[in-house]
Amino acid sequence: MRQVAPGEKVAITDDVRFRVTATERCDEARQADGSWHTTFGCRDATSDNLDHTKPTINTQGAGGPTMGMYLGPTPARIVAFQNGTPYLATVVTTEGMKGWVAYYVLVPPVDPNDPASKAGSFVVAAYDADGKLLAENPFPRRDGGHDHAPATL
């Protein structure tokens, strides 16, 4: 867990960062000219277009810098699984957050020309303190299937 001040910029890489407030997560990427630009914009954690009836996790990016938000009881950990290999995310909170957290994780980029990475399996999941799966967001594999996160860690 990483506690930050509301609006504090959190560097994920030299070229990707985000900030959180009590109700939203906003991301930015550095452009070729050195200026910062919002890539996905801001996401309001209290929005009516998000499912607040059960724990859910959303993800932006799949490999390299990956970030998102989790809605539900505070997770003990968030893990990205790329081709079965786990990568522990950094969970980010700030004062006033209720019922959600932000996160980021650095996952090695997948070479699309590498035959070993053709499956393209990528899943982000949140777990409670007992290691029980709270929510997952599986990305479609290149073959159209989906892999799932382990039910327990």
Side-chain angles (χ1 to χ4, degrees), residues 1-4 8-20 24-31 36-47 49-94 97-153:
M1 293 278 185
R2 180 175 173 188
Q3 178 80 21
V4 299
E8 178 181 337
K9 291 181 169 106
V10 177
I12 300 171
T13 68
D14 289 342
D15 296 318
V16 178
R17 66 187 184 192
F18 73 87
R19 63 183 168 79
V20 294
E24 69 180 4
R25 183 190 60 80
C26 304
D27 67 279
E28 299 177 313
R30 188 187 315 267
Q31 304 303 298
W36 290 90
H37 180 269
T38 300
T39 51
F40 294 109
C42 295
R43 188 71 191 252
D44 182 354
T46 63
S47 172
N49 71 350
L50 297 173
D51 186 352
H52 295 273
T53 64
K54 63 182 180 183
T56 57
I57 192 164
N58 75 43
T59 304
Q60 291 169 323
T66 301
M67 64 195 104
M69 53 201 289
Y70 163 80
L71 305 173
T74 302
R77 67 188 66 85
I78 294 177
V79 181
F81 297 91
Q82 180 171 276
N83 294 325
T85 302
Y87 297 89
L88 186 62
T90 299
V91 176
V92 179
T93 63
T94 194
M97 278 182 161
K98 290 186 174 78
W100 77 283
V101 297
Y103 71 90
Y104 66 92
V105 60
L106 292 175
V107 178
V110 174
D111 178 355
N113 298 313
D114 179 0
S117 69
K118 288 294 184 199
S121 173
F122 193 80
V123 182
V124 179
Y127 292 89
D128 69 12
D130 295 325
K132 181 180 169 229
L133 180 67
L134 296 169
E136 68 174 350
N137 185 359
F139 282 59
R141 294 188 311 248
R142 289 182 188 93
D143 64 9
H146 288 85
D147 288 328
H148 293 278
T152 57
L153 286 180

Going from [atom1] on [X] to [atom2] on [Y], what distance comes out if it is rounded to the nearest 0.5 angstrom?
X    : Y    : atom1 : atom2 : value
M69  : M67  : CE    : CE    : 13.0 Å
D44  : E24  : CG    : CD    : 6.5 Å
N83  : F122 : CG    : CZ    : 10.0 Å
T152 : Y127 : OG1   : OH    : 7.5 Å
T74  : D128 : OG1   : CG    : 11.5 Å
N137 : T59  : CG    : OG1   : 4.0 Å

Evaluate the criterion side-chain contact (heavy atoms from CB on, under 4.5 Å) for residue pair I12 and L106; output intermediate values, then yes/no.
CA-CA 8 Å; I12 300 171; L106 292 175; 3.7 Å; yes
Is there side-chain contact between [X] and [Y], with heavy atoms separated by less than 4.5 Å?
X    : Y    : answer
Y70  : P55  : yes
W100 : L50  : no
R25  : V92  : no
Y104 : V10  : yes
H52  : L71  : yes
L88  : R77  : yes
I78  : V105 : no

Going by the rule side chain to side chain donor-acceptor pair (under 3.5 Å), which residues pair with T90 if we only count those two or more places apart in sequence or in a different chain?
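If we apply the side chain to side chain donor-acceptor pair (under 3.5 Å) test to T90, skipping adjacent residues, there are no hits.
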Distance-minimising heavy-atom pair for [X] and [Y]:
X    : Y    : answer
D14  : R30  : O-NH2, 2.8 Å
T93  : V101 : CG2-CG1, 3.6 Å
P73  : L134 : O-CD1, 4.3 Å
L133 : A149 : CD1-CB, 4.2 Å

E28 and side chain to side chain donor-acceptor pair (under 3.5 Å): which partner among K9, R19, R17?
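Single side chain to side chain donor-acceptor pair (under 3.5 Å) partner of E28 among K9, R19, R17: R17.
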E136 side chain to H148 main-chain N or O, any donor-acceptor pair under 3.5 Å?
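Checking the backbone N and O of H148 against the side chain of E136, no donor-acceptor pair under 3.5 Å is found.
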Is there a donor in the side chain of D15 and an acceptor in the side chain of T13, or the other way round, less than 3.5 Å apart?
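Side chains of D15 and T13: no pair found under 3.5 Å.
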